[in-house]
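Report on the structure given below.
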Amino acid sequence: MAPGILAMEADLGPGNEFNSPMYHEAVGQFDKVATLMGLDDNVMDRLRSPQKSTVVSFPFRHDTYNEVETIFGYRVQHLTTMGPTKGGIRYAPDVDLGEVTALAMLMTWKCAIVGVPFGGAKGGVRINPMELSRAELQRVTRRFTMEIINVIGPEQDIPAPDLGTNEQVMAWVMDTYSQHVGHAVPAVVTGKPPALGGSVARREATGRGLMFLLPQAAMARDVDPVGATVAIHGFGNVGRYAAIAADQMNAKVVAVSDISGAVYNRDGLDVAAAARWVDENRFLEGYPDADFIDGDAIFGLDVDVLVPAAIQGVVHKDNAADVKARLIIEGANSPTTIAADDILREKDVFIVPDILANAGGVTVSYFEWVQDIQKYFWTENEVVARLREIMVSAFDDVHQIAVSEKVDMRSAALIKGIRRVADAKLVRGIFP
Ligand code: NAD
């Protein structure tokens, strides 16, 4: 097993605007690896903070017309060195500036790891999308888009779906932006419906991309991917398509969860039936043909592969010791805390880190942006084949770094991403 690098407590300095548990984690990981690499101190300092952050508050009218709520929204652009910035917009009740900043930083490394010409960005609106009607969701989306309209654009910053947002939300962002500039601009967002210039196979890209890496990850721990048992935390965009891809590869998906709880069948779930159930009933709760268990119980199941694909920080110091899986493929962003990472390394669990594992989403988003700009659309086979090639080759590069530098996969992925970004920063120099 590769020796671990000790986690560092990130020293953010007094009055740091971005202070939050997730930002601490992201900077802590960065500091640890940048120090190991001997990264230039000035570049290191520069990369710890985002280049641009927009914080907005705006009025949101509920369907009951007499109720107006003040809502907070964020758009953070971590790095503008490499090209436009790219990253999702999440709707969640607890999202804040620090969380969005951490996610924007992770996007920077992710884009660099798969070699797409973007810096990282992320957006968020602090609202619970599950409590909104369709009309309310549309009003929030259009107003938030207007609030950030001057900082997004196809050459500037291109949003995509993330937690709590979807193709429909992207369609409203695209429509609002297009109405504002006076003509249709499909390339302003990715992850939109194909009818508006969305790419085929974008919807499935993140989950599918995760599972493209299963055979290689399995080899690292001598697990047979055929018949390997898989548990997936989260059954939204990422979790659902990861489950479908795993099923198609003849792995055995035994558990999936959503915010209502988890369904578990040790003989294997009928993934298509579970997906249909959620389409019809919104949540997994009540799904027949499986035991209904607590969502967090997913992490302690006796399975070969664990896929966190919902929210951050779910594998932490208090449950990491219970993990029985030999492999963790991270679909969610930042699902494993630094403390949990240290425990899992001791247990010799092989982790394919978020910035590598879930990069299929931004990779096909890049394909979508290219197709929109060229107004020339690819077939599903072309998209999937190119996605596979990029994911597999990124895994190989990272694995090679892990072996040659004697570090874990997360550190190796960060080395690859940070190196590329630092090279670009140094060669561009400082303006003026
Ligand atoms: P989604 O909203 O489509 O699905 C989220 C899933 O998690 C749902 O099943 C939901 O019920 C569950 N969930 C939400 N809150 C939860 C909670 N508090 N506890 C337990 N379960 C909860 O979101 P998504 O797009 O699938 O994103 C999931 C994760 O993957 C996020 O961390 C996101 O940043 C990351 N990610 C998404 C993409 C993408 O292309 N959508 C790409 C890369 C990374």
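Whatever order the structure lists them in is the order used to number ligands and atoms, beginning at 1. We use all heavy atoms of the structure for the numbers below, so side chains are in, but hydrogens, waters and symmetry mates are not. The residues of the chain are indexed from 1 along the displayed sequence.
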Identity and distance of the protein heavy atom lying nearest atom 7 (O) of ligand 1 | A310 CB, 3.3 Å

For atom 5 (C) of ligand 1, which candidate among N358, L163, L103, V314 provides the closest heavy atom?
-> L163

Nearest-0.5 Å distance, CD1 of residue I149 to CZ of residue R142 = 10.5 Å

Please verify whether a non-hydrogen atom of R240 lies at under 4.0 Å from ligand 1.
-> no

Would you say G331 touches ligand 1, if touching means a heavy atom closer than 4.0 Å?
-> yes

Residue, atom name and distance, where the atom is the protein heavy atom closest to atom 3 (O) of ligand 1 = N237 N, 2.9 Å

Going by heavy atoms in the side chains, are R208 and V364 under 4.5 Å from each other?
-> no

Could you see which bit of A309 sits under 4.0 Å from ligand 1, with heavy atoms only: side chain, backbone, both or neither?
-> backbone

For Q312, is the nearest heavy atom under 4.0 Å from an atom of ligand 1?
-> no

Of the listed options (G236, S365, S334), which comes nearest to atom 6 (C) of ligand 1 when hydrogens are ignored and any heavy atom counts?
-> G236

Atom 39 (C) of ligand 1: nearest protein contact (heavy atom, Å) = T206 OG1, 3.5 Å

Starting from atom 9 (O) of ligand 1, which protein heavy atom do you reach first, and at what distance in Å?
-> F235 N, 3.0 Å

From the list Q312, M107, K122, side chain to side chain contact (heavy atoms under 4.5 Å, CB included) partner of N333 resolves to K122

for atom 24 (P) of ligand 1, nearest protein heavy atom and its distance come out as V238 CG2, 3.9 Å

Atom 17 (C) of ligand 1: the protein heavy-atom neighbour that sits closest, reported with distance to 0.1 Å = I311 CD1, 3.7 Å

Given that the side chain starts at C-beta and the backbone is N, CA, C, O, which of these parts of R202 lies under 4.0 Å from ligand 1, counting heavy atoms, or is it both or neither?
-> side chain

closest protein heavy atom to atom 2 (O) of ligand 1 is G164 N, 2.9 Å

Among protein heavy atoms, which lies nearest atom 10 (C) of ligand 1, and at what distance?
-> I259 N, 4.0 Å

What atoms in ligand 1 come closer than 4.0 Å to a heavy atom of D162?
-> 25 (O), 33 (C), 34 (O), 36 (N), 37 (C)

Going by an N to O cut-off under 4.0 Å, is there a salt bridge joining R410 and E25?
-> no

